[in-house]
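I have placed the structure first, in the form of structure tokens, so that the comments after it can refer back to it.
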Amino acid sequence: MAEATPTPVPPGRPAPRVVVVGGGPGGYEAALVAQRGGAEVTLVERRGLGGAAVLTDVVPSKTLIATAEWMTIADRAPELGIRTVGQAGGDPSQGHEVLLDEVNARVLRLAQAQSTDIRTRLEEEGVEVVDGVGSLDGPGCVVIDPADGAQQRRCDADVVLLATGATPRTLPEAMPDGERILSWTQLYGLTELPERLVVVGSGVTGAEFAGAYQALGSDVVLISSRDRVLPGEDADAAEVIEQVFRERGMTVMGRSRAVSAERVGDGVRVTLHDGRVVEGSHCLVAVGSVPTTADLGLEEAGVRLTPRGHIEVDRVSRTSVRGVYAAGDCTGVLPLASVAAMQGRIAMAHALGDAVQPLNLGTVAANIFTAPEIATVGASERELAASGTRYVATSLALARNPRAKMLGMRDGFVKIFAHATTGTVLGGVVVAPRAGELVFPLTLAVSHRMTADEVARSFTVYPSLSGSIAEVARIVHQRRL
Ligand SMILES: Cc1cc2nc3c(=O)[nH]c(=O)nc-3n(C[C@H](O)[C@H](O)[C@H](O)COP(=O)(O)OP(=O)(O)OC[C@H]3O[C@@H](n4cnc5c(N)ncnc54)[C@H](O)[C@@H]3O)c2cc1C
């Protein structure tokens with residue numbers, strides 16, 4: 001992740017003492033920025049550098065999904081004239097077997113290596129890294145209980161950054177046992193592919209894992225309490241994903257709230273609110289996260305929490321207590337690693353007196369790693385409609401793109417939201433394989449307030465998927481004439 005470096009502390013002035021609690025992207029990026037800005041920095045982490053992002057969430061899930069992506073590509077092989085040797089016809093995925101123990105070993109190796117890299121980098125830069133649990137003892141002091149059982153330490157601090165993240169939400173009637181009923185952090189202990197995986201929750205995490213396990217070869221049932229999967233996302237994009245899921249053989253159960261999951265012999269039984277029962281070999285519970293804000297001494301220090309238990313922050317990451325900042329999932333601002341890191345960097349720039357640009361969620365780019373992926377940037381259609389903005393929404397199916405045809409890609413589209421009067425690009429959605437990469441031209445357009453005409457006038461490679469972005473921009477131009 002890119003870093004902003006605050007202006008170093010002028011010579012002669014004592015280095016400010018900064019203590020960071022939590023070593024995920026919200027914490028470690030900030031620690032590096034503060035150290036480079038001339039502060040004396042201690043970072044305390046109770047589990048492993050990189051946080052949940054590196055050890056259990058982003059890195060492991062995206063590494064697993066990388067394997068799933070190859071299986072999805074293999075599915076298209078016959079259309080492109082490839083037959084798996086030794087296999088006459090039939091389902092091409094039958095020709096490839098996923099060895100989940102090897103996949104998961106690779107996932108865990110990669111995550112651990114990245115965590116080690118982060119520790120090395122912090123230490124090389126001069127950040128003091130302490131393995132242990134930190135909590136506030138009043139606004140200007142962090143108490144550290146070291147993991148090695150050494151004596152408790154008190155660290156006085158001019159600036160404290162709380163970046164303690166979040167953990168999976170559990171349902172009392174569906175408590176994970178780590179074997180058959182699982183939270184997403186426990187999936188990497190599996191040594192064999194679940195025969196029939198019941199995924200409870202169709203938000204981003206549920207949808208990503210449901211899609212990945214289906215591609216890896218499991219039979220998947222996705223239980224959604226809402227009308228459709230990915231209820232918070234662009235409706236057209238969610239519709240494409242749900243349709244693709246169904247076409248690939250996934251059972252998607254809409255308007256079906258799971259109330260319990262119990263282990264029955266070698267399997268699980270999931271009961272829905274209307275009494276229906278879904279059976280499977282394993283159940284993944286993916287029903288959101290809870291912020292890690294208990295036992296941090298927040299109330300005693302006067303740090304205000306929201307009704308949902310997140311730390312209340314403003315756009316420069318200040319909490320209600322002077323000198324105490326917070327970043328990342330513990331703030332509930334937007335649960336993305338990129339946003340956590342940005343909040344941490346902003347906090348340090350503000351605390352050390354550097355120029356600060358407050359957090360602007362209007363330009364955030366995000367990606368859902370289903371197949372195809374859903375990448376979004378800027379304002380969503382729902383936000384534009386709610387704010388009364390006059391906008392035009394223009395989209396084009398990927399199936400019309402020549403490169404997509406060559407690659408055998410059918411599902412997906414490019415959509416641009418532009419201001420109806422000025423033509424400024426306000427937001428965009430790309431549904432395509434590797435949409436997370438493809439969305440970048442739209443990210444630039446949104447960040448730099450470019451007009452659709454400016455996007456339309458830029459060259460794109462022929463043939464290319466990004467050609468569809470320029471083409472949609474040209475249609476926006478015609479629609480505004
Ligand atoms: C399955 C999944 C996939 C995801 N994929 C993506 C993705 O592709 N892209 C993306 O941008 N985001 C993704 N996210 C979101 C992303 O993981 C989070 O937004 C990100 O981890 C937040 O970073 P953080 O620093 O706030 O918290 P974390 O990464 O959770 O780190 C917090 C750290 O604080 C430590 N800690 C807590 N309390 C204490 C204490 N008292 N003392 C010491 N240490 C403490 C914890 O041990 C932890 O290591 C995903 C989330 C999930 C669940």
Side-chain angles (χ1 to χ4, degrees), residues 1-60 62-63 106-134 142 144-150 153-165 317 325-330 336-356:
M1 281 169 200
E3 292 118 32
T5 308
T7 317
V9 176
R13 250 207 246 152
R17 284 277 310 139
V18 174
V19 179
V20 178
V21 183
Y28 78 78
E29 290 266 348
L32 286 169
V33 171
Q35 185 72 29
R36 287 175 193 159
E40 204 180 297
V41 185
T42 299
L43 183 149
V44 54
E45 165 55 53
R46 68 179 181 188
R47 175 131 190 266
L49 269 298
V54 168
L55 292 169
T56 58
D57 296 356
V58 188
V59 173
K62 266 76 256 187
T63 311
R106 174 173 183 263
V107 165
L108 296 175
R109 233 179 11 249
L110 232 124
Q112 191 48 55
Q114 195 160 332
S115 173
T116 305
D117 278 356
I118 293 169
R119 175 183 287 269
T120 307
R121 198 159 139 224
L122 285 164
E123 288 177 345
E124 277 174 4
E125 297 265 350
V127 174
E128 183 197 19
V129 177
V130 182
D131 297 319
V133 178
V142 172
I144 300 178
D145 286 303
D148 62 6
R153 251 177 82 176
R154 291 174 59 82
C155 291
D156 290 325
D158 303 301
V159 177
V160 175
L161 175 69
L162 302 166
T164 50
S317 311
Y325 293 75
D329 284 8
C330 65
L336 286 175
S338 52
V339 172
M342 182 64 83
Q343 285 180 288
R345 290 194 285 263
I346 289 174
M348 290 304 108
H350 187 272
L352 300 182
D354 197 19
V356 186

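Not measured: the values here are computed from a predicted model.
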Legend entry - Pair Leu49-Leu43, side-chain contact (heavy atoms from CB on, under 4.5 Å): steps then yes or no: CA-CA 10 Å; Leu49 269 298; Leu43 183 149; 4.1 Å; yes

Inset, instruction - Determine yes or no for a side-chain-to-main-chain donor-acceptor pair under 3.5 angstrom, with Ser317 supplying the side chain and Gln343 the backbone. - result: yes

Legend entry - Closest non-hydrogen atom pair between Ala355 and Ala349, with its separation: O-CB, 4.1 Å

Legend entry - Pairwise distance CD(Gln35) to CG(Leu122) - rounded to 0.5 angstrom: 9.0 Å

Inset, instruction - Would you check if the side chain of Glu29 reaches a backbone N or O of Ala341 as a donor-acceptor pair within less than 3.5 Å? - result: no

Inset, instruction - Could you check Ile144 against Thr42 for side-chain contact (heavy atoms from CB on, under 4.5 Å), going step by step and ending with a plain yes or no? - result: CA-CA 11 Å; Ile144 300 178; Thr42 299; 4.3 Å; yes

Legend entry - Non-hydrogen atoms of Leu161 and Ala30 that approach each other most closely: CD2-CB, 3.3 Å

Inset, instruction - Please examine the side chains of Val159 and Met348, heavy atoms only from C-beta on, and report whether any two atoms are closer than 4.5 Å. - result: yes

Legend entry - Side chain Thr120, main chain Thr116, donor-acceptor under 3.5 Å: yes

Inset, instruction - Taking all non-hydrogen atoms of both residues into account, name the closest pair between Leu352 and Pro16 and its distance. - result: CD2-CG, 3.7 Å

Inset, instruction - Could you walk me through whether Val129 and Glu45 pass side-chain contact (heavy atoms from CB on, under 4.5 Å), step by step? - result: CA-CA 8 Å; Val129 177; Glu45 165 55 53; 5.6 Å; no

Legend entry - Heavy-atom side-chain proximity of Val133 to Val44 below 4.5 angstrom: no

Legend entry - Reported CG-to-CZ distance for the pair Asp117 and Arg121, which is rounded to 0.5 angstrom: 9.0 Å

Inset, instruction - Go through Arg154 and Val142 one step at a time and tell me if the side-chain contact (heavy atoms from CB on, under 4.5 Å) criterion holds. - result: CA-CA 6 Å; Arg154 291 174 59 82; Val142 172; over 6 Å; no

Legend entry - Atom pair OG1/CG of Thr56 and Leu108 - distance to nearest 0.5 Å: 10.5 Å

Legend entry - Glu128: which of Arg119, Arg17, Arg153 passes salt bridge (charged side-chain N to carboxylate O under 4.0 Å, His left out): Arg153

Legend entry - Asp354 bridged to Arg345 by N-O distance under 4.0 Å: no

Legend entry - Asp329 versus Leu336, closest heavy-atom pair with distance: OD1-N, 4.1 Å

Legend entry - Nearest non-hydrogen partners of Ser115 and Gly48, listed with the distance: OG-C, 4.1 Å

Legend entry - Heavy-atom closest pair, residues Ala111 and Val59: CA-CG1, 4.0 Å

